[in-house]
Every structure is written in C-alpha cells, then in structure tokens.
Q: 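Sending over a structure as structure tokens; questions will come in a sec.
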Amino acid sequence: MIDLKLVQKQPEVLARALASRHSDLDVNEFLSLDARRRALLSEVESLKSQRNTASGQVAACKREGRDASALLAELGTLSDRIKELDAQTAQARVDVETWLLRVPNIPDASVPVGRDETENVEVARWGQPRSFDFTPHEHGDLGTALGGLDFERAAKLTGSRFAVSLGWAARLDRALANFFLDQHTVHADYLEVSPPYMVNRTTMTGTGQLPKFEEDLFRLAEWDYYLIPTAEVPLTNLHAGEVLEEAQLPRAYCAATPCFRSEAGSAGKDTRGLIRMHQFTKVEMVRFAHPDDSFNQLEIMTGHARRLLELLELPYRVITLCTGDMGFGAAKTYDIEVWLPAQQTYREISSCSNCIDFQARRADIRFKPKGGKSAFVHTLNGSGLPTGRAMAAILENGQQKDGSIVLPKVLVPYMAGVECIEPR
RNA sequence: GGAGGGGUAGCGAAGCGGCCGUAACGCGCUCGACUCGAAAUCGAGUUACCGGUGAUGAGCCGGUACGUGGGUUCGAAUCCCACCCCCUCCGCCA
C-alpha cells in the first residue's frame, strides 16, 4: 500500500506513476472519496466531543446525587446521530482503503519508463551460450527420454501443467533445493525457514496478492486459506504486526517451498516442459532492510541469485524491468534470465524486487530507531532459484549428442556422485 | 471434538460500567546526577493511529484504539453474543 499522505499532498506523483504502469485507476476519484471521508470524520468527531463533555456532566450529577434526566434525553438523540454518522464514516473509510489496496507501488526514479517487456533494459550478462554441433533438444523431451519426467501420468493424476519426476530427476530437484539452501545459509546470511504452504487472507493481503489477484491463487473450498504462490508470502509476513530492532536490520530469510499458481490468463503459453507449472518448488530469499539501505540490499540479493547460476555454469543476463512490466508491489525489479539453447533465448529464472515500504505498510512491519519514532521497514524478495526452471536450463545446456546430460560439477556431491545422466 | 484459563503499551502485568488509556507496578529504552570510566543507585522522560491547524516539521486542539466483529447503555477494557488465537487437561490421530 502506498502512503495515504503522499496521495493527499502530491496526487500528481501518484497519477504519473499510475500512467507509467498503464493503470486505469483515477486519482481524482480517490481524492473525492477521501474528501468525503474527512468531512464525515470531522463532523462525527465534533459530535463525539460534545458527547464526551456531556457524559462527564452526567457522571458528575450521579456523583453529587443531582437529577440528570434532561441531559440524558438530549444525549439520546445525539448518540443516535453519532451512530448514523459512524456507520457512514466507517463505509467511507472502507471505500478509501479498498481503493488504496488496489494501487500498485510507485516505481523508483531509477526504473526505466516503458510500455511492456520490450522496453526492459539489459544491465549485465554472464557466460557464453555454448555452440552445439547438433540441434539442441527441449528440456521436456530430454527429461522424458531419459525417464526422469512424466507429463502424461501427471495429467492422469491431476491435469495439465503438472509434472511427475522420477529417479534422477526427482533427486536432481531435491539436490537443487538443497544446494540453493546451503549456499544461502552457509555462504550468505539467510536463516532457513520451513513455513506453512497455506496462509490466510490477511497474510495474502499483506504482501499484495489480495485483494487484486485472487484469480491467480488456489483457495481451499471450505476454508479462507490459500495455497502460497511463493514463499515470499509467509516469509515476508513472518514479521507482520511487529516492531523490529534497528540493530537487527537487515534480516534475511530463505525457504524451499512448493508454489501454487493458477496461471489464469496464460492459456497456451509454455505448454511444453517445466517452464509454467501449477505447482513447482522454489527457494525464495526475503530481506527486511533499513529504508536507507534497501536499494543496496537489492544489489546484494540479486548478487546471491546470480552467484547460483554462475556456480551452475549457466549463462544468464540481468535486466531492469521497465515501469510497464513491473509487478504490483515492486518499486524496482531485476529479472535474471537464463539461456535456454533449444529456444535460443534467455528465459526468466529469477525476479528480485525491492518493495520499499509497500508491503511493510500493508503488513504493518516496522522498526524502531534508537530513541526515534518507529517507521516502516523496506522488504525485498527474490527467487534463488526455482528448481524446475533450473533443471530445465541444466538439461538443455548440459545435453550431449548421445542424449546424455553432463551435470554441473557443484551438484555432483548432491547427486550421490553421479556426473552424467546416461540414456538407459 | 469436550472442560477450564487467558489475549491491555517494546515486554511482563494491574484495572473488571463514568474519578484508569499521555493505562498503576515491574522490565526495557532515552536523557541527566554520582564515577577516572563502568556497574549499582537516584531523578526525569518514553503508546500508536486518524482528523483539524501548521510547512508532508515542532507545538496545540479534537477523536479513536484493551484479540476481531456485533449488541446493551447517555457512557463499555469492564456487561451480553459470535468468531479467531494462545495455554492447561481429556478424547482422537500421522
């Protein structure tokens, strides 16, 4: 959620931000909702002030044994009027709140203004895409041929956009999660967490999935619980409603969890392979930072994700998302794209965002400077990394002419010494 | 699922219809005294949010908040109802 004060004092800043994101929200509509709320509030507050004074007089009468019936009669009508206005004020507040909850974050000044993904800006590139002396196959076909992936049986068990992994692929999935977690917890400052995979409505609202993106989520039929679309949700909300010590910042958490996404609106996209699943495993990084330090922390966290790809020897590039392509809660986002030889293209494998105070305000996550007033922390999140897309990249980049897959060296200890997946 | 206890400031905890929410008391934190310095001790200060007025500051005025949402009442932390969460015991269970 953005700062109400900012909208009130500088509506043009929000209007510009909304335009750069192609939002159809009308700031003027909000200003009139808020003006109505404030007018009602002023009126009811002055009536309440009268009531409080008069109530004090009633108490005084009772104490001194005097008659207060005239005063009480007057208070009766006043209280009725207050009750009426209270209801209207509450509704006006809900209207304002509802509007604010649907407003995306304001892009940072360093974010390029642009229409869509074609206007994202490349900022770094690592590794050389390998040249093949044969036509490289897609990872789905490779995995299926090697007996590790089974999409048909997954469709039988559940439906489309699910995968069953078996044998070496099941182990590779587990190896990747363990490898990522070990890197984050041993070579960086993350605390490993094993959170719930389903969370309540308040939690989903705290990170911004609700109320606007309900159709992207899986919800349990008889409960107001949702399956998490990313561990960002439970990890960020870990400190919801809390006041952290300034000295505790930055704080870093990571978790490997299944992620569940309805993929509404992506019918027909990425229907082959592991790229777009209803369920996938991802290691997520979340950081809570001091406002003065959060953009520095974004660079650090993006570095953590990049390092994993370098250790896996997978070529990638880093892009800064433009205003039109950024996610709802982000003020700035770096996407990391890994090279997929079968498609001859870089595909998103990680997204690292600084949400500044947007989620902290929704989830009420503050810190208290020594002797100062408490303020909202800044929250960051980044994928580090999803195991499915990482596996896709490993299969495609490591494939040999004979159909075997050479695994990255760092994974060999996690694969019980296996260096190469051989055709049966 | 059953029985009981509880949810109040950063933490612990008192209050159980108006004189108690800038919320007793204790801890913590900030400043000061003492000290070469520290500890201990002593003194002072320290809730958040919303509205009005200021400069998106300070201050001042007003309002709201005692798990959440309703109700009773002129007035609710306090009484009633529903729900959520935590603790103890019992039952069931991976």
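Just so it is clear: chains get the letters A, B, ... in the order the sequence lines come, proteins before strands, and each one is counted from 1. Computed from a prediction, not measured in an experiment: that's the story for all the values here.
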Q: If you compare every side-chain N and O of A/Arg38 against the phosphate oxygens of B/G52 (OP1, OP2), does one of them come in below 4.0 Å?
A: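 Yes, because at least one side-chain N or O of A/Arg38 sits under 4.0 Å from OP1 or OP2 of B/G52.
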Q: More 5' along RNA chain B: A/Tyr225 or A/Lys83, using each one's nearest nucleotide?
A: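 Comparing both residues, the 5'-ward one is A/Lys83.
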Q: Without decimals, in angstroms, what is the distance between A/Leu47 CG and B/G75 P?
A: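 Between P of B/G75 and CG of A/Leu47: 13 Å.
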Q: Hey, mind stepping through A/Glu419 and A/Lys409 against salt bridge (Lys or Arg N to Asp or Glu O under 4.0 Å) and telling me if it holds?
A: CA-CA 7 Å; A/Glu419 295 172 10; A/Lys409 288 178 201 66; over 6 Å; no
Q: Say you pick atom C1' in B/C16 and the same atom in B/A24; how far apart are they, in whole Å?
A: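 The same atom, C1', in both gives a distance of 15 Å.
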Q: Quick one: on RNA chain B, does A/Leu6 or A/Ser79 contact a more 5' nucleotide (nearest heavy atom)?
A: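 By nearest-heavy-atom nucleotide position, the 5'-most residue is A/Leu6.
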Q: To the nearest Å, how far apart are A/Glu246 CD and B/U30 P?
A: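 Rounded to whole Å, this separation is 12 Å.
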Q: Roughly how many Å apart are B/A65 and B/G6, using the P atom of each and rounding to a whole number?
A: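 Comparing P positions in B/G6 and B/A65 gives a spacing of 24 Å.
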Q: In whole Å, what is the span from the CG atom of A/Asp3 to the P atom of B/U56?
A: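 In whole Å, B/U56 P and A/Asp3 CG are 13 Å from each other.
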Q: Send over the distance from A/Lys5 NZ to B/G52 P, rounded to a whole Å.
A: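 In whole Å, B/G52 P and A/Lys5 NZ are 9 Å from each other.
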Q: Contact class for A/Arg37 vs. all strands (heavy atom < 4.0 Å): base, sugar-phosphate, or nothing?
A: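 It contacts sugar-phosphate atoms only.
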Q: CG of A/Leu85 versus P of B/U64: gap in Å, rounded?
A: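 So the CG-P distance, A/Leu85 to B/U64, works out to 14 Å.
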Q: Taking OP1 and OP2 of B/G51, is either one under 4.0 Å from a side-chain nitrogen or oxygen of A/Gln8?
A: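 So the side-chain polar atoms of A/Gln8 do come within 4.0 Å of the phosphate oxygens OP1 or OP2 of B/G51, strictly under.
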Q: What verdict does the side-chain hydrogen bond (donor to acceptor under 3.5 Å, both in side chains) test give for A/Gln359 and A/Thr207, after you've listed the backbone C-alpha separation in whole Å, the side-chain angles of each residue and the deciding distance to 0.1 Å?
A: CA-CA 5 Å; A/Gln359 295 179 324; A/Thr207 25; 5.1 Å; no
Q: When you compare the side chains of A/Glu192 and A/His184, does any donor N or O come within less than 3.5 Å of an acceptor on the partner?
A: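 No, no side-chain donor-acceptor contact under 3.5 Å.
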Q: Roughly how many Å is it from CG in A/Asn52 to P in B/G63, rounded to a whole number?
A: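 That distance rounds to 5 Å.
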Q: What distance, rounded to whole Å, do you find between the two C1' atoms, one in B/A76 and one in B/G70?
A: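 Taking atom C1' in both B/A76 and B/G70, they lie 14 Å apart.
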Q: Kindly state whether the ring of A/His239 and the ring of A/Phe288 have centres lying under 6.0 angstrom apart.
A: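 Distance test on ring centres: under 6.0 Å, yes.
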Q: Say you pick atom P in B/G37 and the same atom in B/G57; how far apart are they, in whole Å?
A: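 Their P atoms lie roughly 40 Å apart.
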Q: Within 90° of 0 counts as syn, otherwise anti: where does B/C20 fall?
A: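 The base of B/C20 is oriented syn (glycosidic angle within 90° of 0).
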Q: Just confirming the chi classification of B/G54, syn or anti, using 90° around 0 as the syn window.
A: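 Classified syn.
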Q: Report the distance from atom CG of A/Leu75 to atom P of B/C74, rounded to the nearest whole Å.
A: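 Checked: the CG to P distance equals 9 Å.
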Q: Answer yes or no: side-chain N or O of A/Gln10 and base N or O of B/U56 forming a donor-acceptor pair under 3.5 Å.
A: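 It does, because a donor-acceptor pair links the side chain of A/Gln10 to the base of B/U56 below 3.5 Å.
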Q: For B/C89 and B/G63, measure between their C1' atoms and round to the nearest Å.
A: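 Nearest-Å result for B/C89 against B/G63 at atom C1': 45 Å.
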Q: Using atom CG of A/Asp364 as one end and atom C1' of B/A48 as the other, report the distance to the nearest whole Å.
A: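 Atom-to-atom, A/Asp364 to B/A48, this comes out as 9 Å.
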Q: Can you see which heavy atom on A/Asn354 is nearest to which on A/Ile356, and at what distance?
A: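 Here A/Asn354 and A/Ile356 meet closest at OD1-N, 2.9 Å.
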